[in-house]
Structures are given as structure tokens and as C-alpha cells.
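Here's the structure, in C-alpha cells; my notes come after.
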Amino acid sequence: MTDCLFCKIIAGEIPANIVYQDADCVAFRDINPQAPTHILIIPRLHIPTLNDLESENAGLMGRLVLAAKKIAHAENLSDDGYRLVFNCNADAGQTVFHVHVHLLGGRVFGWPPG
Ligand code: AMP
Ligand code: ZN
């Protein structure tokens, strides 16, 4: 997807502070962090929103969450806790239309979320 910001980060065309990558996923620090640790984990595959997921993406999405768990551990968040967030479409505030999970940690989060 030539017009996608996150595909350009994967391709190295736009710089990012990459903290982890594997065959399926790339993870980098959010440019506008909402917590002391705020990392985005994205699949290398361009999927615009959660609505576009197919059953064949189940393994990929599972590996995305496992990558988030691994990164949370590396960031020393496992014991205190952290939050994973997927935003889908306008009401949730999705602004980049390439599926991503936010890994947020380093502070206490409220519930319900805003
Ligand atoms: P969402 O609102 O769930 O679509 O999240 C998109 C996230 O991407 C926001 O938290 C932005 O701050 C973040 N973001 C946008 N552009 C960049 C960039 N060039 N590098 C890192 N994060 C970005
Ligand atoms: Zn993309």
C-alpha cells in the first residue's frame, strides 16, 4: 500500500524508533505518546481496520499480541501492568488505517476509558 504511513515505516521510507521486528510484525514508539511507554505494534501485512480481518489472519493477530507481550516484558511492564488498545474507525478515534495495537504502560489507567 503505497499511500499508507505505516507501510512506509515498514519499508524504511519514513523514520521511526523501532523497538522490535520479526517476520510478521514491526513495533515502534508512538510519535505522540499518551503514557511513559507507548509503542505501536503493526503487522507487516496492510490491513486497514479490524473490520477487514479474515479468519486466515487469526494466527497473525495472535502473533501480534504475543509480540506485544514480549515487548511489555522487555519494557519492564509485565508486573505493574499495561494496556493493549485497538481503535477501529471514527468513534474509537482511529487515525491511521493500518491495523495496529497500542501498548501503553508506565502509569495507572482509568476505567472506563475516555
Ligand atoms: P490510532 O488513533 O489508533 O489510529 O493511532 C495512530 C497512532 O499513530 C497515534 O497514536 C499517533 O500518535 C501515531 N503516529 C502517527 N504518525 C506516527 C509516526 N510517524 N510515527 C509514530 N507514530 C505515529
Ligand atoms: Zn499499511
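Atoms considered below: every heavy atom in the structure, side chains included; atoms not considered: hydrogens, waters and symmetry mates. For ligands, and for the atoms within them, numbers begin at 1 and follow the listed sequence.
Remark: Glu54 CD is loosely packed, at most 12 non-hydrogen atoms of other residues, nucleotides or ligands lying under 6.0 Å away. Within a 6.0 Å radius of CG in Asn51, other residues, nucleotides and ligands contribute more than 12 heavy atoms.
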Check ligand 1 for N or O atoms under 3.5 Å from a protein N or O and list each pair with its distance.
| residue | atom | partner | partner atom | Å |
| --- | --- | --- | --- | --- |
| ligand 1 | 2 (O) | Gly93 | O | 2.9 |
| ligand 1 | 2 (O) | Thr95 | N | 3.4 |
| ligand 1 | 2 (O) | Thr95 | OG1 | 3.2 |
| ligand 1 | 3 (O) | Asn87 | ND2 | 2.9 |
| ligand 1 | 3 (O) | His100 | NE2 | 2.8 |
| ligand 1 | 3 (O) | His102 | NE2 | 2.8 |
| ligand 1 | 4 (O) | Thr95 | N | 2.7 |
| ligand 1 | 4 (O) | Thr95 | OG1 | 3.3 |
| ligand 1 | 4 (O) | Val96 | N | 3.0 |
| ligand 1 | 4 (O) | His100 | NE2 | 3.1 |
| ligand 1 | 5 (O) | His100 | NE2 | 3.0 |
| ligand 1 | 5 (O) | His102 | NE2 | 3.3 |
| ligand 1 | 10 (O) | Asp30 | OD1 | 3.3 |
| ligand 1 | 10 (O) | Asp30 | OD2 | 2.5 |
| ligand 1 | 12 (O) | Asp30 | OD1 | 2.5 |
| ligand 1 | 22 (N) | Ile31 | N | 3.2 |

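Side-chain atoms of Arg107 come within 3.5 Å of backbone N or O of Gln34 as a donor-acceptor pair. Between the side chain of Asp52 and the backbone N or O of Thr49, at least one donor-acceptor pair lies under 3.5 Å. Side-chain atoms of Gln94 come within 3.5 Å of backbone N or O of Pro48 as a donor-acceptor pair.
Rounded to 10 degrees, the SG-metal-SG angle spanning Cys7 and Cys4 at the Zn ion (ligand 2) equals 120°.
Closest N/O/S atom of His46 to the Zn ion (ligand 2): ND1. His98 contributes atom ND1 as its closest N/O/S atom to the Zn ion (ligand 2).
Not less than 6.0 angstrom separates the ring centroid of His100 from the ring centroid of His98.
For Arg44, there are no salt bridge (Lys or Arg N to Asp or Glu O under 4.0 Å) partners two or more places apart in sequence or in a different chain.
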